[in-house]
Amino acid sequence: MALSDFTGPDYIDAWAADLDRRWPERAAMVDCVVRTLVEWQDERRVRNLRQAGSREKKCHAVIRLLELGIGAGGLAEAVLDALVDASGEGSPDAVEYTGIDIEPALVSHGKERLMVAGHHDAHLIQADLKDGNWICGNGPFDAVYSLQTFHDLGGVEALETVYRQTHGLLAPGGVLVNADFVVPFEKDDPERPRRLPVETHQDLLSSLGYVDFKCKLRLGKIACMAARRP
Ligand SMILES: C[S@@+](CC[C@H](N)C(=O)[O-])C[C@H]1O[C@@H](n2cnc3c(N)ncnc32)[C@H](O)[C@@H]1O
């Protein structure tokens with residue numbers, strides 16, 4: 001059901017709860033996205049420490065995050081809590097967050113939710129990922145991630161476009177994490193598939209210059225996939 005099918009003061013929470021009820025594998029996907037980003041952050045810290053030389057005891061760098069299709073903001077909160085915790089000494093300044101969604105109500109909701117959770121500097125933008133404008137003035141980012149959103153963009157060409165745009169926004173060494181449907185629904189038009197197999201994601205990402213593709217988790221109808229910009 002779409003957000004517009006819900007009414008009442010808590011309609012956004014009701015919509016988000018409905019997504020979790022219909023696809024219970026979402027909880028594991030949230031964990032997988034968070035874990036993948038934390039692992040990437042750890043690896044980056046080790047790399048930075050090595051580059052800074054053995055005399056440096058601490059090495060903090062800002063991590064610039066971009067989330068595409070933020071929904072009710074649950075994943076944003078989980079990611080920010082985990083990365084801020086793991087970023088050493090809990091410095092909130094170490095993580096910069098930008099989130100994009102097409103729905104103005106979700107953008108306002110996300111802003112408020114992250115504010116209440118203590119992530120005061122989160123930057124939320126209302127934009128359509130299907131037009132090219134959302135990339136203007138944004139980036140570079142160290143990590144871009146998304147959950148259950150890219151299938152909404154319309155098919156393989158739209159997926160390729162967003163993967164290309166993301167590649168352009170990522171800093172060298174940056175990571176892309178995408179969890180989405182990888183099996184078709186009965187109602188899908190077989191001529192215009194939009195829930196695409198893992199192999200299609202891997203082929204597109206490789207052809208665009210991403211490296212180190214990994215399918216981190218596959219459960220139910222969803223897979224969590226990661227790749228890096230060299
Ligand atoms: C199924 S929801 C998933 C939301 C959130 N990522 C989650 O998993 O809880 C898909 C999200 O993508 C957003 N979305 C769909 N099409 C979009 C577009 N063209 N541009 C930006 N956001 C879009 C929707 O508004 C919605 O928030």
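When a ligand or atom number is given, it counts from 1 through the structure's own listing order.
Not a single heavy atom of F150 sits under 4.0 Å from any atom of ligand 1. Distances from ligand 1 to the non-hydrogen atoms of M29 include no value under 4.0 Å.
Applying the side chain to side chain donor-acceptor pair (under 3.5 Å) test between Y97 and each of E67, H119, H123 identifies E67 as the sole match. When R64, R45, R229 are each tested for a salt bridge (charged side-chain N to carboxylate O under 4.0 Å, His left out) with D142, only one passes: R64.
Per-residue contacts place D128 under 4.0 angstrom from the following atoms of ligand 1 (heavy atoms of the residue considered): 18 (C), 19 (N), 20 (N). Listed by atom number, the atoms of ligand 1 under 4.0 Å from Q148 heavy atoms are 1 (C), 2 (S), 3 (C), 10 (C). Every atom of ligand 1 is numbered from 1 in the order shown, and the set under 4.0 Å from a heavy atom of L106 is 25 (O), 27 (O). Annotation for ligand 1: atoms under 4.0 Å from non-hydrogen atoms of G71 are 4 (C), 5 (C), 27 (O). When each atom of ligand 1 is checked for a heavy atom of E103 under 4.0 Å away, the hits are 25 (O). Interface of G69 with ligand 1, defined as ligand atoms under 4.0 Å from a residue heavy atom, comprises 4 (C), 5 (C), 6 (N), 12 (O). Counting atoms of ligand 1 from 1 in the listed order, those under 4.0 Å from a heavy atom of A127 are 20 (N), 21 (C).
A donor-acceptor distance shorter than 3.5 angstrom exists from the side chain of E25 to the backbone of K221, with no hydrogens or angles considered. At distances below 3.5 Å, at least one donor-acceptor pair connects side-chain atoms of Q126 with backbone N or O atoms of I102.
Contact between D131 and N133 at its shortest, heavy atoms only, is OD1-N, 2.9 Å.
Scanning the protein for heavy atoms near atom 9 (O) of ligand 1, the closest one is R26 NH2, 2.8 Å. The protein heavy atom nearest to atom 11 (C) of ligand 1 is T149 OG1, 3.5 Å.
Counting only non-hydrogen atoms, the option in V33, D152, L129 that gets closest to atom 16 (N) of ligand 1 is D152. Selection from I102, L19, I12 by nearest heavy atom to atom 23 (C) of ligand 1 gives I102.
Of the N or O atoms in I100, none lie within a sub-3.5 Å distance of an N or O in ligand 1. In terms of polar-atom proximity, defined here as any N/O pair under 3.5 Å, D101 does make such a contact with ligand 1.
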- Message: Show, in sequence, the C-alpha distance, side-chain angles and deciding distance for L3 and I12, and conclude whether the side chain to side chain contact (heavy atoms under 4.5 Å, CB included) test is met.
- Response: CA-CA 7 Å; L3 181 62; I12 292 178; 4.1 Å; yes
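Contact annotation for L153 and ligand 1: only side-chain heavy atoms (C-beta onward) come within less than 4.0 Å of the ligand.
More than 12 heavy atoms of other residues, nucleotides or ligands sit less than 6.0 Å from atom NZ of K216.
The aromatic rings of W23 and F185 lie parallel to each other, their planes meeting at an angle below 30°, with 60° marking the opposite boundary.
Taking a cutoff of 4.0 Å between a charged side-chain nitrogen and a carboxylate oxygen, R164 and E160 qualify as a salt bridge.
In this structure, L66 is a member of the same hydrophobic cluster as M225, with clusters built from ILVMFWY side-chain heavy atoms closer than 4.5 Å.
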